[in-house]
Q: 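Encoded as structure tokens, here's the structure I'll be asking about.
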Amino acid sequence: MSGAISPALAQAAGAATAPLDVSLRINGTEHRLSLDPRTTLLDALREHLHLTGSKKGCGLGQCGACTVLMDGMRVKACLSLAALAQGREIKTIEGLAQGDELHPLQASFIERDAFQCGYCTSGQIMAGVACISEGHAGSPQEIREWMSGNLCRCGAYDHIVAAIQDAAAVSSSKQEG
Amino acid sequence: MHPFVLERPRDLSAVLALGAQAGRNDAPVEYIAGGTDMVQLLQENVRRPDRLVSLAGVLDDGIEIGPQGLRLGAAATMAEVAAHQAVIEQFPLISQALLNSASPQVRNQATMGGNLLQRTRCPYFRDVGYEACNKRVPGSGCAALDGENRWHAVLGTSDDCIAVHPSDLAVALVALDASVELRGAGGDRSVPLSDLHRLPRDTPHLETVLEPGEVITAITVPANAAGLRSHYLKVRDRASFEFAVVSAAVAIETDGGRIRQARVALGGVGTKPWRLSNVETALAGANFEPAVLRQAAALAADGTRGRGHNGFKIELMQRAIVRAVEIAGARA
Ligand SMILES: Cc1cc2nc3c(=O)[nH]c(=O)nc-3n(C[C@H](O)[C@H](O)[C@H](O)COP(=O)(O)OP(=O)(O)OC[C@H]3O[C@@H](n4cnc5c(N)ncnc54)[C@H](O)[C@@H]3O)c2cc1C
Ligand code: SF4
Ligand code: FES
Ligand code: FES
């Protein structure tokens, strides 16, 4: 897939530069890694930490499948170098549920059947969590605009918007209650 | 991806000593800020620096409004500036241009400095599979001249390069007479944004006036641009998350039903953010009659040159100006 460095290619490019010691804080746990400086945060998550919930759709910032939260804000992990994410608090789809209890948006994605193949889903959910906490989930139109960085090849958009609306209603009723 | 050494200097003087240079493909040392453009260029082997110098944590990320006007630290993110209350109230054109750019994720990562220095979206520049690109490889030719050039520029072009400067923010800022503050080994200087980018001429590989080592430290917008009625109109191939086919940044001061002064800049059509002083002069004193606005906007066509697929932009940009002036004029 475009963007991944195969070991053979890396060798052909004239041997990688010295690995860096990188410490990443993911879902509340500190991980110490030795990484090629070229490693993106997405590759560090998937290839080195085996947290494969974050997906690589394009590797170029265009699809949103790799969306994670960094210090509470949504970012594209494929456009971040892992070494530059040191010291930041990173949250991935694996860190969203509390034990066996799903995050309200995970639950509403299931309830609303907001996916077909599921490839975009973890990115949609992470972006949706941020969309709600930012206060950008007030109407279907607003949700569509603020979720435009996440593409769905299966075209599950109507259900995704409905799921985010449902979860936004839950979180605002919790705040009021 | 070409192997590089990642430098993470702790302060600005250490940064400057490394001699990185943005906007040149032959520069062996380059900066990375938010990384949203740089990582793409590295992934696609368009940029192959030996050293990458991170600007994280060493540049100002403040947003200040005072009697002098607006000052945006180079490390402020697109999202922070777009959501800043005083920016929304006094310089809504800037906020609007930013909210119409990229996606929420990218706006959380991308910085002011990186936005102004992002590279062109010309597909031939971004695909090393094409040999001919004077901007990427000086002297190699230009695949866009007789290629797929629907997205390319009609203003400021040369026979060596017709690539569009893709920033929406820069179009709004150039309409508001913004400047950039630079710091280099030789000290500080301030450059009008309209002079930061070079025309391609016969050296399209030299994109800016930045000297080796120089960084953008801040963007400043004079106070006299505050409070104007404005509109950023972005025409694109899909409703959101797309670069401009044509965009118009308009800011006007009105007096009764007349325009006292106007600032007009275009995106998607120029090899750099493009200010239209001839249209501005024609709009000064004009009323909002459609025929009057159309006549003024027609001056935007001066000096344009279409190359086939992109000829439609010459008419579209005039209509975009008229529409943006009408919307700005209708604002309270
Ligand atoms: C999917 C996608 C869609 C997009 N859509 C739009 C859009 O619609 N409109 C739009 O305007 N933009 C769009 N962009 C581009 C985006 O705005 C830029 O990628 C971003 O602003 C670059 O900022 P950065 O901090 O990430 O820069 P980086 O990628 O880190 O750097 C970009 C360049 O600037 C240099 N640089 C950075 N900071 C400084 C500094 N302070 N001094 C000197 N040199 C510096 C770097 O060396 C590099 O050459 C899009 C990007 C993506 C990925
Ligand atoms: S338009 Fe410029 S960037 Fe595009 S192929 Fe021609 S020289 Fe390269
Ligand atoms: S994989 Fe990151 S945006 Fe597509
Ligand atoms: S569910 Fe298949 S890509 Fe979205």
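A note on names: the letters A, B, ... follow the listed sequences, proteins ahead of strands, and every chain is numbered from 1. Heavy-atom basis, side chains included; hydrogens, waters and symmetry copies ignored.
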Q: Less than 6.0 angstrom from the centroid, inside 45 degrees of the normal: does B:Arg107 satisfy that with respect to the ring of A:Trp146?
A: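 Checked: cation-pi criterion met.
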Q: Heavy-atom cut-off 4.5 Å, strictly under: side chain, backbone, both or neither for B:Arg238 against chain A?
A: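 Looking at B:Arg238, just its side chain touches chain A.
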Q: Name the option with the most non-hydrogen atom pairs under 4.5 Å to chain A; the candidates are B:Glu242, B:Gln40, B:Arg48.
A: B:Gln40
Q: Does atom CD of A:Glu89 have more than 12 heavy-atom neighbours, drawn from other residues, nucleotides or ligands, at distances under 6.0 Å?
A: yes
Q: Distance check, rounded to the nearest 0.5 Å: B:Leu72 atom CG versus B:Glu80 atom CD?
A: 10.5 Å
Q: Verify the neighbour count for atom CD of A:Glu30: are there more than 12 heavy atoms of other residues, nucleotides or ligands below 6.0 Å?
A: yes
Q: Pick one of side chain, backbone, both or neither for A:Cys131, based on which atoms fall under 4.5 Å of a heavy atom in chain B.
A: neither
Q: For B:Leu99, is it the side chain, the backbone, both, or neither that has a heavy atom closer than 4.5 Å to a heavy atom of chain A?
A: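 For B:Leu99, heavy atoms of backbone and side chain both lie under 4.5 Å from chain A.
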